[in-house]
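Count residues from 1 along the sequence.
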Amino acid sequence: MNRAFAGSISALAVVCVTMSSAQQKPTATIDDAALRAPESRTQDWLSYGRDYYEQRFSPLNQINDKNVAQLGLAWSFDTATDRGLEATPLVIDGVMYTTGSWSVTYAVDARTGQQLWKYDPEVHRKYDNLACCDVVNRGAAFYKDKVYVGVLDGRLVALDMKTGKPAWTATTVDQNQPFTITGAPRIANGKVIIGNGGAEYGVRGYVSAYDADTGQLAWRFYTVPGDPSKPQENQALEKAVATWKGDVWWKVGGGGTVWDSIVYDPELNLVYVGTGNGSPWNRDIRSPGGGDNLYLCSIVALNADNGEMVWYYQTTPADTWDYTSVQPMMLADLNWPTAAEAAAGQPGRLRKVIMQAPKNGFFYVLDRATGELLAADPYVEVNWASHVDLKTGRPVEVPGAAYRDKGTYIRPGPLGGHNWQAMSFSPTTGLVYIPAQDNGRYYEQPKGFTFTPNEYNLGLAPTGRNLERYDIPHKGRLLAWDPIARKPRWTAEYGNYWNGGTLATSGNLVFQGTAAGEFIAYNAATGGKLWSAYAGTGIVAPPITYAVNGQQYVSVMAGWGGAFPKKFRSVGRLLTYRIGGDAKPPVRTADRPVTAIPSTASAADIAAGAKLFNTYCVRCHGGATVLPDLRRSTPGILNGLDKVLDGAMVERGMPRFAEFDRAMTGQLRAYLLDERRKLAAK
Ligand code: CA
């Protein structure tokens, strides 16, 4: 077979070169049977979570806890972007398919990093302001001879696997509304399943299924009801109407967007979707008079053939904190004991479960055939609910947490105890590896609420000068959670939150990248740190592993971004490692020594500045990320702080902080000079 691509490549957006001769010989088509039998393709990464269970566990063990210290860079591929990279690459028969900023899709030789083709959907740059959380994309899906990618502007595009040329395009949203797609499509029995985002702006959430061959819409499931005076699309929504009050919700859109997790179970023929927060966030504005607001913040199980709801479980009834339940879900078959069996130390019987660690801070285990709640336990510090009642299946809210009469500080905050950064599970250790994080937010009723199209419509008072936020924690950790014992086994602590997703392998390894730009391998059983490499920028994406011609590789997209910051200071890269890899890795420049600058600031100003720093600056500029450590700022920056805070560096990704006045800037400078004095004395 001639491996060179034939035919004309007319689209400007497509760049194509001849496939490398080193590429592996294709074995068989990736059809439904192949997707259901990942054990016959241990060398590949077939779909978003590697296979339908989405455990992100690879049976490869050539790289293992004995030799991982010899891991070196095999190759790197520059994406020439400075925006967030969140994708999980796919690898099939020695070709890697991945996505970058602005939904650009790449095929590269997985052995060498040589680009085979590139598809740029040429998204209008107005979407920079319509995407809440950066112009990111979390990856593609692969089926038969096509690569499927969801485009930021709402398109779903099927690309020819060999050329990157579009075979069909479906517009999955009303492009006059602020919908965006950042999530990866999934394949379910000949259909491509895709959701979307936009609940911060005000939209009605849904998930759609398209015929994989033709791009024809097969079914659509709305996650929240529409105009209650009209018939709803299905029985599930007819039931949901009674759980909403007033008329703000359906005029604003209601929310419940399916912007990340979609998992298919071929045995039960169910598609599980995670649904997002309400539009607007504030339940007293969204649905005055109460109600659970179904099916916000829920795991919903749909019949894969027709999209009819089979069961649902709502993690956060009447959400009012942006506690989406869209976070990555995984399937597992676990020996699950009853309470009596657990007390007697017996293993219980095999249950088909689905697991999720959504933003709200509780780790959930459900029976995935029925939706029965088996466990819900806090995996980070939680102060909005005391616990989840396993009998009723409902969280027990702490009085005042819903900030009806008085503003309050809630943990976790809108970034969640865990966000979209994928977790992994090792059947060998029995542990789930969660990129967990500490954060919080001050929530307060606004003076009033007016819906503004194409703007944030959260229904909250601006956080402004609520310095109650000063003690907000900004920490992250890799958390090894035992789902059966329902407790942590070990953690690895980081100086900041917003770290990367995780990968587990049968080499007794867990891989994770960090906000500070370290790519790390841990002993999966004990949490011992075994290896790390500097990535040149912070990492948020989850790593993968695969093999070509008998050689195992580990790959990760490096490019910090997402919910914050929207730009970073170096080129995004796809980094790939192997044992003995000797390509030139990114090098960290050593910290310049600093000298003290005399200051006459008072202790009170320094203390006030510390609060400001910890409120506004530390999460990006505290020395635990790849962004500049403000305590090491040049005198020029320190003297020009007023201008920087007023937006002088917006083009370089530093946002404007309008709430700072001259006095506050002076206090911040006083604190930074004092910190600089301490650094100089070291
Ligand atoms: Ca949200």
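Remark: Thr79 engages Thr81 in a side-chain hydrogen bond (donor to acceptor under 3.5 Å, both in side chains) (not counting sequence neighbours). Residues that satisfy the side-chain hydrogen bond (donor to acceptor under 3.5 Å, both in side chains) test with Glu233, not counting sequence neighbours, are Arg204. Listed by chain and number, the residues in a ring-ring contact (aromatic ring centres under 6.0 Å, His included) with Tyr210 amount to none (sequence neighbours excluded). Judged as a side-chain hydrogen bond (donor to acceptor under 3.5 Å, both in side chains), and not counting sequence neighbours, Ser298 has no contacts. Shown here are the side chain to side chain contact (heavy atoms under 4.5 Å, CB included) partners of Asn64, two or more places apart in sequence or in another chain: Lys66, Asn67. Every residue two or more places apart in sequence or in another chain that forms a side-chain hydrogen bond (donor to acceptor under 3.5 Å, both in side chains) with Gln552 is listed here: Thr545.
Of the N and O atoms on the side chains of Ser261 and Gln356, not one donor lies less than 3.5 Å from an acceptor on the other residue.
Applying the ring pair (Phe, Tyr, Trp, His ring centres under 6.0 Å) definition to pairs two or more places apart or across chains, those involving residues 165-194 are Tyr148-Trp168, Phe179-Tyr206. Within the structure, salt bridge (Lys or Arg N to Asp or Glu O under 4.0 Å) pairs that include any residue of residues 173-200 comprise Glu54-Arg186 (at least two apart or interchain). Note on residues 296-306: no pairs pass salt bridge (Lys or Arg N to Asp or Glu O under 4.0 Å), not counting sequence neighbours. The ring pair (Phe, Tyr, Trp, His ring centres under 6.0 Å) analysis of residues 34-59, with sequence neighbours excluded, yields the pairs Tyr52-Tyr264. Listed by first then second residue, pairs satisfying salt bridge (Lys or Arg N to Asp or Glu O under 4.0 Å) with a partner in residues 95-108 number zero, not counting sequence neighbours.
No more than 12 heavy atoms of other residues, nucleotides or ligands sit less than 6.0 Å from atom CD of Gln235.
Of the possible polar contacts, none joining the Ser103 side chain to the Ser101 backbone as a donor-acceptor pair under 3.5 Å is found.
Each of Tyr313, Trp311, Tyr222, Tyr312 was checked for a ring-ring contact (aromatic ring centres under 6.0 Å, His included) with Tyr295, and the lone residue meeting it is Tyr312.
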Please output the side-chain donor-acceptor pairs of residues 135-144 that fall under 3.5 Å, not counting sequence neighbours, one pair per line with the distance.
{"residue": "Asn137", "atom": "OD1", "partner": "Thr99", "partner atom": "OG1", "Å": "2.8"}
{"residue": "Asn137", "atom": "OD1", "partner": "Gly139", "partner atom": "N", "Å": "2.9"}
{"residue": "Asn137", "atom": "ND2", "partner": "Gly150", "partner atom": "O", "Å": "2.7"}
{"residue": "Arg138", "atom": "NE", "partner": "Asp260", "partner atom": "OD1", "Å": "2.6"}
{"residue": "Arg138", "atom": "NH1", "partner": "Glu86", "partner atom": "OE1", "Å": "2.9"}
{"residue": "Arg138", "atom": "NH1", "partner": "Thr182", "partner atom": "OG1", "Å": "3.4"}
{"residue": "Arg138", "atom": "NH2", "partner": "Thr182", "partner atom": "OG1", "Å": "2.8"}
{"residue": "Arg138", "atom": "NH2", "partner": "Trp259", "partner atom": "O", "Å": "2.7"}
{"residue": "Tyr143", "atom": "OH", "partner": "Asp32", "partner atom": "OD1", "Å": "3.4"}
{"residue": "Tyr143", "atom": "OH", "partner": "Asp32", "partner atom": "OD2", "Å": "2.8"}

Exercise for review: Could you please spell out the steps behind the side chain to side chain contact (heavy atoms under 4.5 Å, CB included) verdict for Met557 and Thr98?
Suggested key: CA-CA 9 Å; Met557 306 278 294; Thr98 194; 3.4 Å; yes
